[in-house]
Each structure stands twice: as structure tokens, then as C-alpha cells.
Number of protein chains: 2
Amino acid sequence: MSAPTIRDVAERAGVSKSLVSLVLRGSEQVRPEKRQAVLAAVEELGYRPNAAARSLSERRTRSVGVLLNDLRNPWFVELLDGLGSRLHENGLHMMLADGRLNRHLGEDLTRIFTELRVDGLVAVGTLPGSDELLAAATHIPTVVAGAVEPVLPHVDVVAGDDSYGAALATEHLVDLGHRRIAHIAGQGVAGELRRTSFEKVMHAHGLTDLATVEQGDHTEEGGYRAMVRLLTAPQRPTAVFAFNDIAGVGALSAAEELGLQVPRDLSLVGYDNTYLARLRHLWLTTVDNGSHDIGRRAAQLLVHRMKDPRRAAETVLSEPRLEVRGSTGPPSTE
Amino acid sequence: MSAPTIRDVAERAGVSKSLVSLVLRGSEQVRPEKRQAVLAAVEELGYRPNAAARSLSERRTRSVGVLLNDLRNPWFVELLDGLGSRLHENGLHMMLADGRLNRHLGEDLTRIFTELRVDGLVAVGTLPGSDELLAAATHIPTVVAGAVEPVLPHVDVVAGDDSYGAALATEHLVDLGHRRIAHIAGQGVAGELRRTSFEKVMHAHGLTDLATVEQGDHTEEGGYRAMVRLLTAPQRPTAVFAFNDIAGVGALSAAEELGLQVPRDLSLVGYDNTYLARLRHLWLTTVDNGSHDIGRRAAQLLVHRMKDPRRAAETVLSEPRLEVRGSTGPPSTE
DNA sequence: GACAGTTTATGGACCGGTCCAAAGAAGGGC
DNA sequence: GCCCTTCTTTGGACCGGTCCATAAACTGTC
């Protein structure tokens with residue numbers, strides 16, 4: 001009744017369980033006819049290896065834990081795609097844990113992965129409660145993807161080059177002829193990098209006095225409010241660079257509600273190139289930070305670190321690319 | 001060096017490993033001072049149970065596999081939220097496998113779960129390659145959430161009541177005074193249920209001749225094209241009910257591109273109440289099918305089925321709710 | 001203080017694999 | 001036919017828990 005084990009297969013094939021194990025692990029040291037017998041028995045019994053037993057004995061699980069804090073953010077999903085494909089090439093599984101989905105678990109997401117004895121850990125984005133993560137990272141090979149924040153002795157980091165990306169966006173607006181340009185800033189390290197870079201580029205063009213920064217957050221609402229503040233101020237900007245696409249969409253709503261046409265009266269750039277920006281209705285000019293690529297590289301770094309846990313931590317920046325769509329254009333000449 | 005085991009804890013606490021096991025599983029049959037000693041040893045050594053060993057011996061994993069085919073669809077994520085919370089209440093874990101993320105794995109998603117010996121399976125939405133699923137469902141307690149399709153002897157189904165939801169949407173438009181109403185249809189069983197219900201309601205109002213159905217799909221592009229066809233036809237509708245929010249957004253773009261104002265010149269209803277519909281910029285009237293609730297119920301059904309695998313399959317429909325926003329209004333009177 | 005009854009603690013089998021030392025079979029040379 | 005080498009195959013220990021039958025330690029009674 002219960003699932004067949006390796007011993008059942010052995011008995012059926014008339015060999016020892018050790019031989020079955022050898023065949024199943026693809027050993028060359030097995031006479032062909034025995035191999036056939038074993039494979040036939042496996043087929044007939046519908047044998048499936050028991051992962052728990054295997055990993056108990058092998059002392060590894062061939063799986064890596066992926067911690068992220070919001071599956072609702074399409075950016076993460078894109079990254080997961082790249083991550084998963086490269087991990088799979090290395091015979092590894094991905095186990096997802098969403099900080100938000102599992103918030104009812106308290107902070108013990110990493111605890112679960114510890115008990116599961118994952119072979120590696122990938123932290124995607126900026127995580128809350130990273131103390132836990134730090135503790136885990138001392139035992140388990142760990143890579144941080146998509147955030148630059150927790151830098152630890154043996155933890156690699158892969159992220160988009162936020163400074164460069166923000167520069168791309170700002171330069172684009174300046175090139176179009178805009179002078180009075182605002183930035184809707186985000187939080188965290190990424191937010192700061194983008195803001196600083198925006199200010200630096202503006203400064204380099206001698207536009208320091210025309211640069212405004214309005215604090216927003218990662219939400220649509222935040223972008224909306226920031227934009228309302230920007231547009232009701234005495235000197236309104238002719239172009240706005242938003243921290244991310246979501247904030248950008250909020251900003252877009254505000255602009256249209258206040259009667260401005262985009263891009264005629266106002267140019268707008270987002271960040272992340274999520275599918276929001278690709279919606280025909282929004283068609284946002286944005287910065288693509290290559291999430292898929294970031295995911296792949298994170299996987300690669302993790303694989304290396306699993307082979308050699310004590311190597312020096314590496315930081316890789318992925319080069320972003322400007323994606324020009326319909327929300328930017330030259331400033332109106334009137 | 002390697003992680004402490006239950007025996008290390010036992011030695012440190014001066015008791016047998018069995019006693020440690022008892023304490024860890026919360027037995028009452030342990031003298032308080034011994035319990036303290038064990039807990040102290042656990043703390044000092046930083047002991048963490050080994051999930052593989054435990055499940056090998058217990059012959060269960062306390063985890064359920066969740067199969068879904070597109071994490072990019074925000075609707076699924078909402079459902080996962082409900083699913084996860086209820087599963088957690090029952091001491092169960094969720095292991096996610098995305099059919100699209102893992103397409104490179106071939107069809108063996110369920111195989112992985114079989115090897116992992118998950119205690120249950122939840123299929124979210126309509127899955128490709130459901131042969132595999134069907135096979136697995138004969139061994140493993142299984143529940144289908146969010147789709148009505150694969151009905152099997154011992155598989156429960158939870159879904160939104162698509163007929164009712166579509167009726168809500170259609171009635172809403174009729175109530176507003178619309179007569180010439182179109183539907184952008186989706187694929188699959190859900191698509192058919194919604195379309196049929198739309199037609200039935202139109203018929204009930206004696207509007208059969210004014211009802212149009214245009215085939216779309218689940219994408220923005222499909223919605224866009226369908227809308228273009230609808231609006232360039234000789235008699236354009238004054239209201240459109242789209243299969244889902246994404247198609248609705250595409251339809252919205254088409255309408256605005258053709259110079260129509262929503263809702264003045266055209267009313268539009270979506271389906272799913274995803275965060276797309278909630279974006280201030282789109283502010284789509286839509287049908288909320290209570291994904292969170294569906295997720296919770298799916299978890300509940302699975303828990304029941306795990307207790308009694310042979311009980312008759314149950315089908316639960318969750319009642320949708322109309323969410324009126326800015327994309328619908330009375331038809332223009334001119 | 002002996003005995004029965006109840007709590008509490010323990011050793012060892014078991015879950016289903018991997019791995020290794022050693023046994024067995026096959027082949028080659030003389 | 002015998003010995004040596006190289007391939008194959010095997011039994012048994014082990015991974016780290018759970019669980020159960022039994023042992024040990026208390027309690028209370030007469």
C-alpha cells in the first residue's frame with residue numbers, strides 16, 4: 001500500500017538495494033543487464049525516491065531558500081525567473097518564502113529554512129528583520145539579490161546599478177531639453193542612491209537650482225501625493241523622475257487630474273520596467289534594471305559560494321538600460 | 001562543527017535522547033526540572049530540529065505543494081495569501097511551484113512534490129499538463145482552487161461563482177441604462193461561464209439582439225484588439241464587460257485611443273479586482289471574487305481531506321461582489 | 001517494609017536512502 | 001589450473017529524528 005522503497009525495487013529486480021542505489025545515481029560501474037532489470041522494476045513499481053531520506057543521508061537538500069518580502073511586486077517575480085532557471089541548471093530547487101504572505105509566522109522565516117537545512121539562501125530585495133538573516137548567513141551560504149543593504153563578510157550581493165540607472169533617466173530628461181526637473185524619492189538604500197545620482201547629474205548640468213526632490217515611497221499613493229505637492233508648488237517642474245513605476249503611475253494620475261497632458265505638459269520617467277510600464281494605457285518611459293539577469297547572476301554567485309563558502313564576498317552590479325516609451329518628450333515651448 | 005543533534009542536547013542535559021524528543025514535542029509527562037534542563041541545553045547549543053529526519057520518521061512532511069501557472073497574475077498572489085494563512089493555522093507549510101517559472105523543468109512539477117512527499121496538493125487556477133496532476137491526485141489529497149476544470153473523484157474544488165459574478169457585472173450595466181452591451185470573452189471554463197451568464201442576463205432583459213461577444217484572451221493585447229473591433233463596427237456598444245481586469249485595461253486603452261471618454265462615452269467593467277483595477281489612474285469598476293476567501297477555503301478543504309482522504313469531493317463556490325469604481329456610468333444621452 | 005499503581009525515563013528498532021570496505025565474479029598471463 | 005588484477009555486487013553502518021515496550025523511580029496503602 002505505501003510507496004515502494006529502494007528495497008522493494010531491489011527485491012523485484014533480484015539485486016541488492018545498494019545496486020539499485022548505484023543505478024539510480026547513474027553509476028557506470030554496473031553491468032547493462034542489471035541496470036535494465038533495475039530500471040524495469042522502478043518503472044513497474046512506480047518507484048519515486050524519498051527526498052527526505054536522501055537528504056538525511058547525503059546531508060544536503062539540493063534546495064535553496066528564497067526570501068522575499070512581496071510577491072505582489074512584479075519586479076521580484078521577474079528576478080525569480082532568472083534565479084530559478086540558473087539554479088535548476090545546477091540541480092537545485094527553489095523554496096519560496098514571502099515575508100508578507102508569511103507575516104503571521106512571525107520572524108521565523110529563516111528558522112524554517114534552517115530546519116529544512118537548505119543548502120543556500122537568497123534574500124531578494126530589502127528584507128525586514130534581517131537580524132535573523134544575518135544569523136543564518138553565518139551558517140548557510142547566502143546571496144543578496146536586488147538590494148545593496150546588508151553587507152556581511154561572506155555574503156555576495158547582486159543588484160542593479162541604481163546610480164547609473166538614475167543617471168540614465170535624468171540625462172534622458174535633460175537631453176530632451178528639460179531644465180526644471182523633479183524627483184520623487186523612494187526609501188532605503190536604493191532610494192538614496194537614485195536620489196543622489198539624480199542630484200549629481202542635475203548639478204553636472206548646472207541645474208542644481210532647478211532640481212526638486214519630493215519624498216514619496218514605493219506606493220502609488222505616495223507617488224500621487226508627491227506629484228500633487230510638486231504641481232501645486234509655485235514653480236512646477238516640466239519633467240519628473242519617479243523612484244519606481246508604481247510611484248510613477250500614481251504621479252501620472254495626479255498630473256492628469258490636475259489637467260496636465262503627458263508628455264505634452266509634463267514628462268515622466270519610472271523605474272523597473274515592470275509590466276505596469278508596459279501597459280499600453282500607461283506606456284511609461286522607464287529604466288530596465290535587468291531583473292532577470294540579476295536573478296541569474298545571484299544564482300551563479302550562490303553556486304560558487306556553496307562550493308567555497310569562505311571566499312571573499314563579491315558585489316556585482318548589473319547595468320540598467322533606459323526604455324523610452326510614451327511618457328517623455330521635449331518640454332512644451334510656450 | 002556540524003549542527004547539534006538531539007543526542008548532543010541529551011548528553012548536555014544529562015538525559016536520554018528520547019526524553020529530549022518528548023520535551024521538544026511538548027509532552028506533559030516530563031518532570032519540570034528535566035524539561036528545564038533540556039530547554040536550557042537546546043538554547044545553549046542552538047539546536048534546530050532536522051526537518052528531513054523528522055519527516056522520514058514521522059512519515060509525513062507537514063507541507064503542502066502549491067502548483068500555479070503564473071505568479072505574475074496578481075490574482076493568484078492574493079489567493080496564496082488566504083491559502084497560506086489558513087494552512088499555517090494547521091501547522092502546514094506551503095511550497096510553491098510556478099509552472100511558468102519552472103517551465104524548464106518540463107512537466108515534472110508534480111514529480112518534485114511526489115519526491116518531497118508533500119502531505120497535500122493545491123492546484124491554483126487552470127494548469128497545463130494536468131495529466132500529471134491527475135495522477136498525483138490519486139495518491140495525494142488534492143484541492144483545486146480558482147478553477148472548475150479538472151473534476152476528479154476525490155478532488156475538492158473551490159472557485160469564484162463566475163456565473164453570478166458575470167451577472168452582477170451585466171446587471172450593473174443594464175441598471176445604469178445601457179442597452180447595447182458587449183462582452184470581451186476569455187478562454188477556458190471560466191471564460192465560458194462568464195460569457196454564458198452575460199448572454200443569459202441580456203436575454204432576460206430582452207436585449208439579446210443588442211448583446212455582442214468579441215473573443216479576447218487573458219492579456220492586455222487581447223482586450224485591446226477586441227475593443228478595437230467592437231468600436232470600429234457599425235453599431236458600437238455603450239458599455240463593455242471584459243473577462244478580466246487585464247483585458248479591461250487593454251480595452252480602456254483602445255477606447256481612449258479612439259477618442260472615447262470613459263465613462264462618459266463608454267462604460268467598462270473588469271473582473272478580479274486586482275490592484276490594476278485599484279490604480280487611481282484606471283479606477284476600474286470590477287468584480288471581486290474574493291480570492292483571499294477562496295484561498296482560505298481551499299486550505300480548509302485540504303485539511304479536511306487530509307484527515308479523511310476518501311470522503312466525497314466537495315465543490316464550493318465563493319460569492320463575488322461588485323466593486324463599483326470610476327469606469328462605469330449612465331450612457332450618454334445624446 | 002513490602003506491594004501495587006502511577007509517573008517518568010530509557011534503549012533500541014525503524015523510517016529510506018547513501019556510502020564504503022570487503023566479497024565475489026570475470027578476465028588475463030604463464 | 002593457479003594466481004593476480006580489474007570489475008561488479010553486497011551487507012551493514014549511518015544520517016537524525018519518532019515511537020513503543022519496558023525499566024526505573026516515585027506514591028500511597030496496609
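Here the structure is a predicted model, which means the values were calculated and not measured. Each chain gets a letter, A, B and so on, in the order its sequence line appears, and its residues count up from 1.
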Inset, instruction - Let me know the distance between CD of B/Glu11 and C1' of C/dT10, rounded to the nearest Å. - result: 16 Å

Legend entry - Integer-rounded Å distance: C/dA22 P and A/Leu19 CG: 20 Å

Inset, instruction - Determine whether more than 12 heavy atoms belonging to other residues, nucleotides or ligands lie under 6.0 Å from atom CD of A/Glu43. - result: no

Inset, instruction - Can you establish whether the number of heavy atoms outside A/Glu115 located under 6.0 Å from its atom CD is more than 12? - result: yes

Inset, instruction - Could you run through nucleotides 11-20 of chain C and give me one letter per nucleotide, 5' to 3': B if any protein heavy atom sits under 4.0 Å from the base, S if only the sugar-phosphate is that close, - if neither? - result: BB--BBBBB-

Legend entry - Spacing of A/Arg60 atom CZ and A/Glu58 atom CD [to the nearest 0.5 Å]: 5.0 Å

Inset, instruction - Can you measure from CD1 (A/Ile6) to CZ (A/Arg54) and round to the nearest 0.5 angstrom? - result: 9.0 Å

Legend entry - Presence of salt bridge, B/Arg12 and B/Asp8, under 4.0 angstrom: no

Legend entry - OP1 or OP2 of D/dC7 under 4.0 Å from side-chain N/O of A/Gln29: no

